[in-house]
Amino acid sequence: MCGIVGYIGQRDAYDIVIKGLQRLEYRGYDSAGIAMYDGMNLNICKTKGKVSDLEKKAKNSNTVFGKVGIGHTRWATHGEPNDQNSHPHFSNSGRLAIIHNGIIENYDAIKILLQNRGFRFHSDTDTEVLVNLIEDVLNNEDVKLGKAVQIALNQVVGAYAIAVFDKEKPNEIVVARLGSPLAIGVGEDEFFIASDASPFIEYTNSAIYLEEGEMGVIRLGRKPRIRKIQDDKLVDPYIQELQLSIDQIEKGGYEHFMLKEIYEQPTAIRDTFRGRMLVDEGLIRMAGIDDNIQKFLNVNRIIIAACGTSWHAGLVAEYIFEDIARIPVEVEYASEFRYRNPVINSNDLLIVISQSGETADTMAAIKLAKENNAFVFGVCNVVGSSISRETNGGAYTHAGPEIGVASTKAFTTQITVLSLIALKLGRAKGTIDNSHFHMYLNEMATIPGKIERVLKENNHIEQVAKSIKDAKNCLYLGRGYNFPVALEGALKLKEISYIHAEGYPAAEMKHGPIALIDEEMPVVVIATRKGHYQKVVSNIQEIKSRKGRIIAIVSEGDTTVKELAEHVIEVPETIEALTPLLTTIPLQLLSYHIAVMLGKNVDQPRNLAKSVTVE
Ligand code: AGP
């Protein structure tokens with residue numbers, strides 16, 4: 001997620017904005033920039049890299065000073081991380097400057113319209129389109145900046161938290177939010193703007209949080225004027241007194257980044273299918289696939305290479321691609337694939353999955369596949385990462401930065417992207433008919449809401465965690481689409497609580513693991529109604545007859561398994577191919593609470609790195 005910061009008041013804005021950007025570094029970013037009005041000129045300094053790089057550049061330029069300024073840390077979604085794509089962005093005339101956190105979905109259509117009106121663009125970003133749309137309104141209508149911003153925002157589709165400055169009206173800054181947070185710090189004859197309160201909490205704890213679809217004109221000497229963007233209704237701003245620490249603010253009030261990221265999954269999945277899954281039109285639009293559609297339709301085989309949680313997402317994708325698009329799939333640990341002299345040829349498609357986009361073994365898999373003329377497609381969460389640059393094509397998960405070492409929202413957004421690809425190919429190949437295709441799209445659209453329902457089970461899951469936190473070993477079982485989820489659940493537990501855990505296909509019990517079962521062994525079984533339910537119930541009965549302790553993930557309203565299990569955690573019904581998006585949530589929370597109860601470092605577990613960039 002990008003970070004935005006602004007200041008208008010009696011003090012030197014530069015130090016406040018720069019320090020504010022440093023406060024937002026935890027959000028993850030790839031470039032930074034600042035715009036300052038010195039009383040005469042509006043100057044921008046921006047750079048790929050860190051805030052410290054920005055400070056060096058600003059010192060050398062010696063142009064960024066004044067009492068009003070806006071700053072930005074960019075987490076790239078459109079356009080590579082580089083200087084010209086960094087924010088702030090000028091409008092064509094140099095009159096306006098904008099910073100933006102979010103995604104404008106219809107920016108390409110607006111860009112064409114503005115180009116036909118003579119606008120020129122210097123970056124690949126959706127944000128530069130927005131600031132020139134605002135300028136276009138100012139050029140053609142007799143309105144002030146606030147009204148121009150409102151008119152422009154009513155023409156865009158997407159998510160935004162923006163701050164806009166007009167050098168012809170230097171005593172005000174206009175802000176707006178839809179889908180991305182924005183806070184206004186209220187000081188003594190000064191105002192602060194930021195993505196959260198961490199940049200200004202040391203100056204004031206009085207804050208106004210814009211609500212969804214609201215905008216504000218912040219002008220010195222009066223309260224901010226807040227109104228609804230759509231219906232222009234004035235809103236009486238509620239100034240709250242914050243009692244949060246910096247650390248609490250960075251984590252959004254959650255105790256750990258991992259918990260924050262677990263709770264971000266509904267938003268992360270919406271952001272991932274936003275602009276790609278057009279339910280009403282019955283379309284899936286993905287440039288990385290559309291541009292190479294023949295390649296995808298003619299492959300003989302898909303090889304998926306990844307590591308860790310991303311490898312588990314690949315296993316889910318194997319079930320989805322074969323079930324829906326009828327394309328043979330093989331899933332490989334990248335670390336094994338790179339050394340086992342595999343048979344690869346130009347009819348193969350390699351899909352690599354990586355949250356960080358920097359995993360060394362996955363990079364090596366790409367190199368090997370390209371040496372054998374296979375087409376390589378990447379599913380990454382970091383725009384401009386090494387893997388995203390090495391692949392022939394790709395699709396980003398828009399999960400936003402994942403700070404916790406244990407991967408959570410990356411996993412569910414990877415499955416979301418891979419499901420969209422499989423559905424798109426299945427539709428193109430005719431292996432899924434129109435009605436099923438629409439049924440999947442409609443069901444996918446309900447998943448974020450269904451995850452929100454699972455998250456409401458958190459207190460119950462915490463109680464379940466308490467009952468098994470002292471176990472020395474744990475078994476996770478699942479069948480079909482939920483077998484990879486069992487593996488993922490086991491990985492989550494072992495990597496943050498250090499309890500040994502193994503995932504198995506439930507049917508594998510008889511081939512060895514059942515020897516482990518006794519009253520000391522908690523067994524987490526995924527037993528949703530879709531997917532061999534009766535078989536799983538039999539497996540549960542086998543465990544129970546050997547005094548195993550059963551914690552079951554079941555479909556809402558299940559009474560059968562409830563009779564057999566020590567604890568059940570309910571998830572809403574969905575189509576089988578999408579159950580992993582729901583059944584993984586309780587397992588994330590279960591491992592989180594156990595690790596917290598055991599006093600482990602949840603966000604930075606021992607021996608682990610967020611990105612394994614070496615072998
Ligand atoms: C999962 O919780 C771990 N953090 C780890 O297994 C991770 O998934 C693996 O290292 C792959 O990382 P990547 O997705 O960034 O390539």
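All values below were derived from every heavy atom in this structure, side-chain atoms included, with hydrogens, water molecules and symmetry-related copies excluded. Along the sequence shown, the residues carry numbers beginning at 1. In listed order, ligands and their atoms are each counted from 1.
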- [ ] Could you check atom 3 (C) of ligand 1 against the protein and tell me its nearest heavy-atom contact, residue, atom and distance included?
- [x] Glu495 OE1, 3.5 Å
Open item on the list: A side-chain contact here means heavy atoms from C-beta on lying under 4.5 Å apart; do Ser386 and Met363 qualify?
Closed with: yes
Task: Pair Lys367 + Glu371: basic N to acidic O under 4.0 Å - done: yes
Open item on the list: Is it the case that ligand 1 has an N or O less than 3.5 angstrom from some N or O of Gly308?
Closed with: no
- [ ] Before accepting this row, confirm whether a basic side-chain N of the pair Lys450/Glu556 lies closer than 4.0 Å to the acidic partner's carboxylate O.
- [x] no
Open item on the list: Under a 4.0 Å threshold between the charged nitrogen and the carboxylate oxygen, would Lys251 count as salt-bridged to Glu255?
Closed with: no
TODO: Taking only heavy atoms of Ser354 into account, list the atoms of ligand 1 that are under 4.0 Å away from them.
DONE: 13 (P), 14 (O), 15 (O), 16 (O)
TODO: Compare all side-chain heavy atoms of Leu24 with those of Asp196 and state whether any distance is below 4.5 angstrom.
DONE: yes
Task: Numbered atoms and elements of ligand 1 in range of Val405, under 4.0 angstrom, heavy atoms - done: 2 (O), 3 (C), 4 (N)
Open item on the list: For a 4.5 angstrom cut-off between non-hydrogen side-chain atoms, does Gln414 reach Ser407?
Closed with: no
Open item on the list: Give me the residue, atom name and distance of the protein heavy atom closest to atom 8 (O) of ligand 1.
Closed with: Thr309 N, 3.0 Å
Open item on the list: Any heavy atom of Lys492 closer to ligand 1 than 4.0 angstrom?
Closed with: yes
Open item on the list: Could you identify the single nearest non-hydrogen protein atom to atom 9 (C) of ligand 1 and state the distance to 0.1 Å?
Closed with: Cys307 O, 3.8 Å
Open item on the list: Do Cys307 and Tyr333 make a side-chain contact, defined as non-hydrogen atoms from C-beta onward lying under 4.5 Å apart?
Closed with: no
- [ ] Could you tell me whether some N/O pair between Ser356 and ligand 1 is separated by less than 3.5 angstrom?
- [x] yes
Task: Under 3.5 Å: N/O of Lys610 near N/O of ligand 1 - done: no
Task: atom 14 (O) of ligand 1 [closest protein heavy-atom partner, distance rounded to 0.1 Å] - done: Ser310 OG, 2.6 Å
Open item on the list: Any atom of ligand 1 sitting under 4.0 Å from a heavy atom of Thr362?
Closed with: no
Open item on the list: With a 4.0 Å cut-off on heavy atoms, is Ala406 in contact with ligand 1?
Closed with: yes
Open item on the list: Any salt bridge linking Lys409 with Glu402? Criterion: basic side-chain nitrogen under 4.0 Å from a carboxylate oxygen.
Closed with: no
Open item on the list: Heavy atom to atom 12 (O) of ligand 1, shortest distance: which of Ile387, Thr359, Val612 holds it?
Closed with: Thr359
Task: Lys/Arg N to Asp/Glu carboxylate O, Lys50 vs Asp53, below 4.0 Å - done: no
